[in-house]
2 protein chains.
Amino acid sequence: MAIPRWLNEAEMNAWLGFITTTPDLMNAIERDLGVFGLDAGDYQLLAMLSEAQDHQLKMCDLADTLRLSRSGLTRRMDGVVKAKYVERIQDKDDRRASFAHLTAKGYEFLKKVAPLHLKDVRSRMIDLLNESEIQALGSAFAKINAHLRTTG
Amino acid sequence: MAIPRWLNEAEMNAWLGFITTTPDLMNAIERDLGVFGLDAGDYQLLAMLSEAQDHQLKMCDLADTLRLSRSGLTRRMDGVVKAKYVERIQDKDDRRASFAHLTAKGYEFLKKVAPLHLKDVRSRMIDLLNESEIQALGSAFAKINAHLRTTG
DNA sequence: TCCAAATAGTTGCGCACGCAACTACTTAGG
DNA sequence: CCTAAGTAGTTGCGTGCGCAACTATTTGGA
């Protein structure tokens, strides 16, 4: 096991910037959403459903896209179901399964919140960056993600 | 409140890549560290102390750099103190304050683990990227961080 | 000098999460 | 068929975290 090369200055900036700034950025965006009584997890859940066919997704698929465990999704659903933003619907074909379905109330709510959330994402990240940085972030995370898919 | 511009394709790639890949990447690196009985928080704590003057930092400064609340740091300290990697030292000048001090055992342990952690960071992120992507990540997070410092 | 305000650290509490175990149902192989 | 293995979702439990409240100490005016 050879000692790997240490990080040079640019690599260190990239790595340290990433791990120190990411939590701060996420917390800031989470606080922005808090005004509407939502946290980032709730928002992501509603956003995923709004983009899905018929505004609904199988629970297991939703859990995967949200990077949540099955139990984590069950509990998170409890919150948005209680708020009447989402309802659970039994799958007619597979009685084990159920769908998370965005209600009309949930959709109206999301249509109100989404532009404000987008504004926060722009002001806190996207609009601060030039075109080549945007491009580089996209390709960098695509590469990292692809590597994670092959190695676990 | 005008509706802000929606994200174009490159912006969407950057944003979605960031929010979906980051948790997966962090989880993977966390699993890598788990082999040594450490989680990412413990590692960061030891790493910060190893780079500090006299291998020690005031608790409140350490909490800030680790992005932890005071109570969060208190609890995290409990773990590494029990493992004898860190010890609490009373500040002689300010009897409210105390230092977290990396023990010899903790330093030896970190010297063993750091190269392996670095190898994981390289293979999961840094070595996947070309020079301009590294550069862009560094400058992008520096800009985001600077903006967070001014706006909160 | 003295007391109010600020600061360092800890503790009680609640929340979100993952893991493991469980129930209920579906699917595959004999 | 019928049973074993697999899959969907929920629940119990433990963990790590932040917030608020608390103690102890320091600091900054009147």
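What you are looking at is a predicted structure, and each value in this text was computed from that prediction instead of being measured. In what follows, chains carry the letters A, B, and so on, assigned in the order in which the sequence lines appear, proteins first and then strands, with residues in each chain numbered from 1.
Two residues, B/Arg88 and A/Lys92, neighbour DNA chain C, and the one matched to the more 5' nucleotide by heavy-atom proximity is B/Arg88.
One can place CE of B/Met77 at 16 Å from P of C/dA8, the figure rounded to the nearest angstrom. Here the C1' atom of nucleotide D/dT26 and the CD atom of B/Gln90 are 14 Å apart, to the nearest Å. The nearest whole Å value for the distance from the CG atom in A/Leu66 to the C1' atom in C/dG18 is 15 Å. Rounded to whole Å, the distance from CG on B/Asp91 to P on C/dG9 is 9 Å. Distance A/Ile89 CD1 to D/dA8 C1': 17 Å, rounded to the nearest Å. Atom CG in B/Leu62 sits roughly 9 Å away from atom P in C/dG9 (whole-Å rounding).
Between B/Glu108 and B/Lys111, at least one side-chain nitrogen of the basic residue sits less than 4.0 Å from a carboxylate oxygen of the acidic one, meeting the salt-bridge criterion. In summary, A/Asp127 and A/Lys119 do not engage in a salt bridge, as defined by a charged side-chain N under 4.0 Å from a carboxylate O.
At most 12 heavy atoms of other shown residues, nucleotides or ligands fall within 6.0 angstrom of atom NZ in B/Lys84. Within a 6.0 Å radius of CD in B/Glu87, other residues, nucleotides and ligands contribute more than 12 heavy atoms.
Within the structure, the ring pair (Phe, Tyr, Trp, His ring centres under 6.0 Å) test picks out the following pairs touching residues 61-105 of chain A (sequence neighbours left out): A/Tyr85-A/Phe109.
Annotation: side-chain hydrogen bond (donor to acceptor under 3.5 Å, both in side chains) contacts of A/Thr103 (sequence neighbours excluded): none. For B/Leu148, the side-chain contact (heavy atoms from CB on, under 4.5 Å) partners at least two apart in sequence or on another chain are A/Thr21, A/Asp24, A/Leu25, A/Ala28, A/Arg124, B/Ile144.
A side-chain N or O of A/Asn145 and one of A/Arg149 form a donor-acceptor pair less than 3.5 Å apart.
Using a 4.0 Å cutoff on non-hydrogen atoms, the parts of residues 42-59 of chain A near DNA chain D are A/Met59, ordered by number.
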What pairs of donor and acceptor atoms, side-chain ones from residues 49-64 of chain B against any protein atom, are under 3.5 angstrom apart with sequence neighbours left out?
from	atom 1	to	atom 2	distance (Å)
B/Ser50	OG	B/Ala47	O	2.8
B/His55	NE2	B/Ser50	O	3.4

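Contact check, A/Ser98 against D/dG9: a side-chain N or O comes under 4.0 Å of OP1 or OP2.
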For each nucleotide in nucleotides 12-24 of chain D, reading 5' to 3', give B when a protein heavy atom comes within less than 4.0 Å of its base, S when such contact involves only the sugar-phosphate, and - otherwise.
-> BB--SSBB----B
